[in-house]
Structure formats: C-alpha cells, structure tokens
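Since the structure comes first, as structure tokens, the remarks are kept for the end.
In what follows, chains are A, B, ... by sequence order, proteins preceding strands, each numbered from 1.
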There are 2 protein chains.
Amino acid sequence: MKMSGGVEWSVHCLSLLASLPPDRTLSAKRLAEFHGIPAAYLTKHLQALVRDNILESIPGPRGGFRLSRATEQITLLDVVDAIDGKRPAFRCSEIRQRGPSALGSKCYRRPCGIAAAFANADAAWRGSLMNCTLSDLIAEIPEKVDPRQQKKSAAWLKKVLG
Amino acid sequence: MKMSGGVEWSVHCLSLLASLPPDRTLSAKRLAEFHGIPAAYLTKHLQALVRDNILESIPGPRGGFRLSRATEQITLLDVVDAIDGKRPAFRCSEIRQRGPSALGSKCYRRPCGIAAAFANADAAWRGSLMNCTLSDLIAEIPEKVDPRQQKKSAAWLKKVLG
DNA sequence: GGAGTGATACTCGGATATCTGGTGTCCGAGTTTTCGCGG
DNA sequence: CCGCGAAAACTCGGACACCAGATATCCGAGTATCACTCC
C-alpha cells in the first residue's frame with residue numbers, strides 16, 4: 001500500500017504558495033524548479049488540486065497557480081482526496097457472498113464486520129489528516145526549518161517574483 | 001492508494017480457521033473453495049502469514065494451515081503488516097533537500113514537518129487496527145451474520161473435516 | 001494376523017507470466033503581454 | 001506622444017508512452033497415508 005508521491009509534492013507546493021503575496025502566482029515550471037522535481041508531471045497533480053478547488057490557475061504570461069482558499073481552510077485530507085482519490089484503502093469485495101455456504105444477495109444488508117473494522121481505522125486516519133491544516137504546517141516552520149534555508153527560499157522567491 | 005486484496009482474503013481465512021477444532025487444519029485448496037477465490041494465489045498470501053508466525057503449515061496429506069497463536073493475540077495490524085508490508089503509505093522523499101534553496105545533508109537532522117503529520121495519521125490508523133483482534137471479530141459473528149449462513153458453514157466444515 | 005516397505009496422493013513452497021495503475025513526457029488551445037506602426 | 005493591432009511567448013490542459021508492483025498461475029520438493037507383500 002503506497003500513497004501517490006504527488007501528495008508530498010502537492011503539500012510542499014501549497015506551503016510555498018502560501019508564503020507569497022496576495023494575488024501573485026507561481027507557474028508549475030517555477031514550483032518544479034524550486035523543489036527539483038519534473039515540471040510536466042507536477043502539472044498533472046496541480047490540475048487535480050484545481051479540480052477540487054484547492055488551487056486557482058491563471059493562464060497566459062505572468063500566470064500560474066495560487067491558493068483558492070485561506071490556509072486554515074485547507075486540510076491534508078483535502079489534498080489526499082484530490083491527489084490520491086477519495087476511495088478507502090480497504091475495499092470489501094463481499095467474498096462472504098461467494099462460496100458454497102453463501103446465501104442470496106438479499107441476506108447481506110448489514111455491512112461485513114471485517115469491512116467495518118477497516119472502515120474504523122480509515123476514519124481514524126482521515127480524522128487525523130482532517131485536523132491538520134496548511135496553516136498548522138506553516139506555523140511550525142520557524143521552529144523546525146533551518147533559518148538559513150528560510151533565507152535562501154525568501155531570496156529565491158524575491159528573485160522570481162521580481 | 002489501495003491495499004492488497006489479499007488482506008481481506010487473509011482475515012476471512014483466519015476467521016474460518018479459528019472456528020475449527022484444535023490441531024485440525026484446512027488446506028489452501030479448501031480455504032479457497034470455501035471463499036470462492038483462486039487457490040494458487042491465496043497460497044501466496046498464506047505463506048506470508050506463515051513467515052510472520054500467524055499461521056503454521058503442515059505438509060503432506062491431511063496437512064494444511066492452522067492458527068499459530070490464540071485469537072486474542074492476532075490483530076488486524078499483524079495481518080496487514082504480513083500481507084501488505086510494514087512500510088507506511090506516505091514516504092518522505094526528502095524533497096526539501098533538493099532544489100536551489102537546499103542546504104547540505106547535515107542540516108536536516110529534524111524530521112520534515114509534513115512527514116511528521118502523515119506519520120501521526122499513520123499511527124492513528126495502525127492504533128485502530130492494533131486494537132481489533134481476531135477474537136473481537138469472531139465475537140460479533142453471532143449478532144452480525146445470518147444464522148442460516150452459520151449453519152451452512154458449520155455443515156461444510158463438518159463435511160470436509162469428516 | 002502383523003509388520004515392513006514401496007508407491008502414491010496430497011500438501012506446501014518458490015519461481016514464472018500477465019495486467020492494472022501510477023509515473024513520466026509530450027504537444028495543442030488559450031490568453032496576456034509586448035512590440036511595432038500609424039495617427 | 002498616444003492609441004491601436006497583430007504577433008509572440010508563456011501559461012495551463014488533456015492525450016500519449018513507460019514502468020513498477022500487484023495479480024494470477026504453474027510446476028517441483030517433501031511427507032503422511034495407504035495398499036501390498038512377506039514373515
């Protein structure tokens with residue numbers, strides 16, 4: 001079980017986009033350059049974020065992407081749902097309805113106990129992700145990120161925003 | 001993000017194995033027949049359970065598989081780890097160490113805040129699975145499974161064990 | 001009748017194909033900017 | 001000097017290859033059983 005690597009890219013990009021002035025944008029090319037990742041593939045994921053109303057895209061020169069909502073209104077769960085899909089990891093294939101001791105389909109109105117247990121775990125996971133907003137992640141940058149890197153990032157931003 | 005379908009098969013098989021008398025076994029062929037799933041592929045997953053000391057395998061005629069521990073000592077997390085692997089779904093690729101504003105590798109002793117957030121969610125998920133034992137699942141069978149199916153299962157077991 | 005022995009049938013176990021989904025890349029549609037020209 | 005217009009350059013967006021891991025299968029190694037033979 002592996003989550004798409006695009007989730008990690010997306011969260012880092014959102015964090016960077018949150019640090020630029022209002023109404024300014026960064027193109028997919030710039031975002032990819034900053035993180036050292038392939039631009040074309042990153043674009044694919046950014047489009048998914050646009051579809052879920054997490055980012056806004058501006059076409060043309062001086063265009064690019066910017067946050068569509070306040071950082072407090074963007075949770076990690078939103079990003080995971082947009083990139084990796086909303087379907088749970090465990091999917092009940094109803095094998096209890098197969099085999100020699102199965103009954104008719106009408107006898108299985110109650111959910112399978114095994115599927116329910118995994119649904120609980122999934123809910124706990126989603127709950128944890130839902131409680132972590134982009135704002136929370138940004139708030140802990142000053143204490144967790146090396147000040148020198150913060151300086152370099154700010155300088156890079158100043159240069160490309162020119 | 002999708003978990004291996006073998007996890008579902010495994011839990012169902014473990015539940016069935018828990019219901020047979022001590023020192024009796026069921027072969028992979030029988031287990032597959034009961035659940036209506038391909039036997040050869042099921043064998044692959046059962047072998048993984050043997051490797052993690054959840055099942056014991058007996059070779060030869062009248063051989064098969066049986067639980068290696070008490071049902072209270074087998075959690076859903078044990079099964080997931082055995083079948084799907086112990087690696088977390090989110091894997092930090094350390095993209096913070098890449099790009100134009102990165103520093104030397106020695107400056108990243110603290111874990112990435114984003115990875116930490118996902119690690120928390122993963123811990124919540126694992127905690128939920130760890131708290132659900134095979135014994136718990138079996139305990140709720142009488143109230144959740146149609147009595148007719150319980151009858152048919154018992155009859156099938158009696159036949160193949162005969 | 002009982003014990004020994006060989007063949008047998010059934011089991012697990014690992015090595016081998018196939019296939020879906022994620023990964024990565026490319027080219028086209030659209031829009032804003034910008035440069036040049038004319039008034 | 002100012003307004004207009006066309007070309008250009010840069011952007012996003014979706015369509016097209018590639019690759020890894022899961023899915024599915026098969027054949028070989030090993031062992032308890034069973035039948036047969038011999039004592």
Side-chain angles (χ1 to χ4, degrees), chain A residues 1-10 13 17 23-33 35-66 68 80 82-85 87 89-91 93 95 160-162, chain B residues 1-10 13 17 23-33 35-66 68 80 82-87 89-91 93 95 160-161:
Chain A
M1 185 177 50
K2 182 184 179 303
M3 167 183 307
S4 167
V7 173
E8 183 185 8
W9 296 2
S10 296
C13 287
L17 286 173
D23 290 331
R24 294 306 302 269
T25 65
L26 279 180
S27 68
K29 187 178 178 181
R30 295 294 188 196
L31 287 168
E33 173 192 349
H35 293 109
I37 56 182
Y41 188 30
L42 175 62
T43 298
K44 193 184 190 69
H45 294 308
L46 296 178
Q47 289 171 18
L49 295 174
V50 171
R51 271 192 292 273
D52 273 30
N53 201 35
I54 295 171
L55 288 183
E56 283 178 359
S57 63
I58 310 292
R62 313 265 305 168
F65 296 90
R66 69 183 173 199
S68 178
V80 171
I83 302 297
D84 220 43
R87 303 178 62 183
F90 180 92
R91 306 178 196 169
S93 62
I95 66 177
V160 302
L161 290 178
Chain B
M1 184 175 51
K2 181 184 179 305
M3 168 182 308
S4 167
V7 173
E8 184 185 9
W9 297 1
S10 297
C13 287
L17 286 173
D23 291 334
R24 295 306 301 270
T25 64
L26 279 180
S27 69
K29 187 179 178 181
R30 294 294 188 195
L31 287 169
E33 173 193 349
H35 293 110
I37 56 182
Y41 188 30
L42 175 62
T43 299
K44 192 183 189 69
H45 296 308
L46 296 177
Q47 289 170 18
L49 295 174
V50 170
R51 269 193 293 274
D52 273 29
N53 202 36
I54 296 171
L55 288 183
E56 284 178 358
S57 63
I58 310 293
R62 313 264 306 168
F65 296 90
R66 68 184 175 199
S68 180
V80 171
I83 302 296
D84 218 45
K86 295 184 174 62
R87 303 180 63 186
F90 180 92
R91 305 179 195 168
S93 63
I95 67 176
V160 302
L161 289 179

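Per the geometry, CZ belonging to R91(A) stands 13 Å off C1' belonging to dA22(D), to the nearest Å. Between the CE atom of M1(A) and the C1' atom of dG21(D) there is a distance of 14 Å, rounded to whole Å. Across the protein-nucleic acid pair, L17(A) atom CG and dC12(D) atom P stand 11 Å apart, rounded to whole Å. Per the geometry, CD1 belonging to I58(A) stands 9 Å off P belonging to dT32(C), to the nearest Å. As rounded to whole Å, 16 Å separates atom P of dA24(D) from atom CD of Q47(B). Remark: C1' of dG13(C) and CG of L55(B) are 14 Å apart, rounded to the nearest angstrom. As a whole-Å value, the separation of D52(A) CG from dG13(D) P is 13 Å. Taking atom CZ of R62(B) as the reference point, atom P of dA32(D) lies 13 Å away to the nearest angstrom.
Taking the side chain of S57(A) as heavy atoms from C-beta on, and the options dG13(C), dT31(D), dC12(D), the nearest nucleotide is dC12(D). Candidate nucleotides dA24(D), dG14(C), dG24(C) were compared by shortest atom distance to the side chain of K44(B), and dA24(D) ranks first. In this structure, of dG13(C), dA24(D), dA32(D), it is dG13(C) that holds the atom nearest to the side chain of F65(B). Residue P61(A) places its side chain closer to dA9(D) than to any other of dA9(D), dG13(C), dG24(C). Candidate nucleotides dT25(C), dG14(D), dC12(C) were compared by shortest atom distance to the side chain of A28(B), and dC12(C) ranks first. Listed candidates were dT25(D), dA24(D), dG14(D). Nearest to the side chain of W9(B) is dA24(D). Distance from the side chain of K29(A) is smallest for dT11(D) among the nucleotides dT23(C), dC12(D), dT11(D).
Distance check: C13(A) SG to I95(B) CD1 gives 7.0 Å after rounding to the nearest 0.5 Å. Here the straight-line distance linking atom CD of E56(B) with atom CG of L49(B) works out to 12.5 Å at 0.5 Å rounding. To the nearest 0.5 Å, the span separating CZ on R24(A) from CZ on R62(A) amounts to 5.0 Å. In this structure, CG in L26(A) is found 6.0 Å from CG in L161(A), a value given to the nearest 0.5 Å.
Two residues, A40(A) and D84(B), neighbour DNA chain D, and the one matched to the more 5' nucleotide by heavy-atom proximity is A40(A). Annotation: of the two residues near DNA chain C, L42(A) and P59(A), the 5′-most nearest-nucleotide partner is L42(A).
Residue contacts shown for G64(B) are limited to sugar-phosphate atoms, with no base heavy atom under 4.0 Å away. Counting any heavy atom pair closer than 4.0 Å across all strands shown, R30(A) reaches no nucleic acid atom.
Listed pair Y41(A) / dT23(C) meets the phosphate criterion, a side-chain N or O lying under 4.0 Å from OP1 or OP2. A sub-4.0 Å separation between OP1 or OP2 of dC12(D) and a side-chain N or O of S27(A) is absent.
F90(B) pairs by the ring pair (Phe, Tyr, Trp, His ring centres under 6.0 Å) definition with F118(B), not counting sequence neighbours.
Counting heavy atoms of neighbouring residues, nucleotides and ligands inside a 6.0 Å radius, atom NZ of K2(B) exceeds 12 of them.
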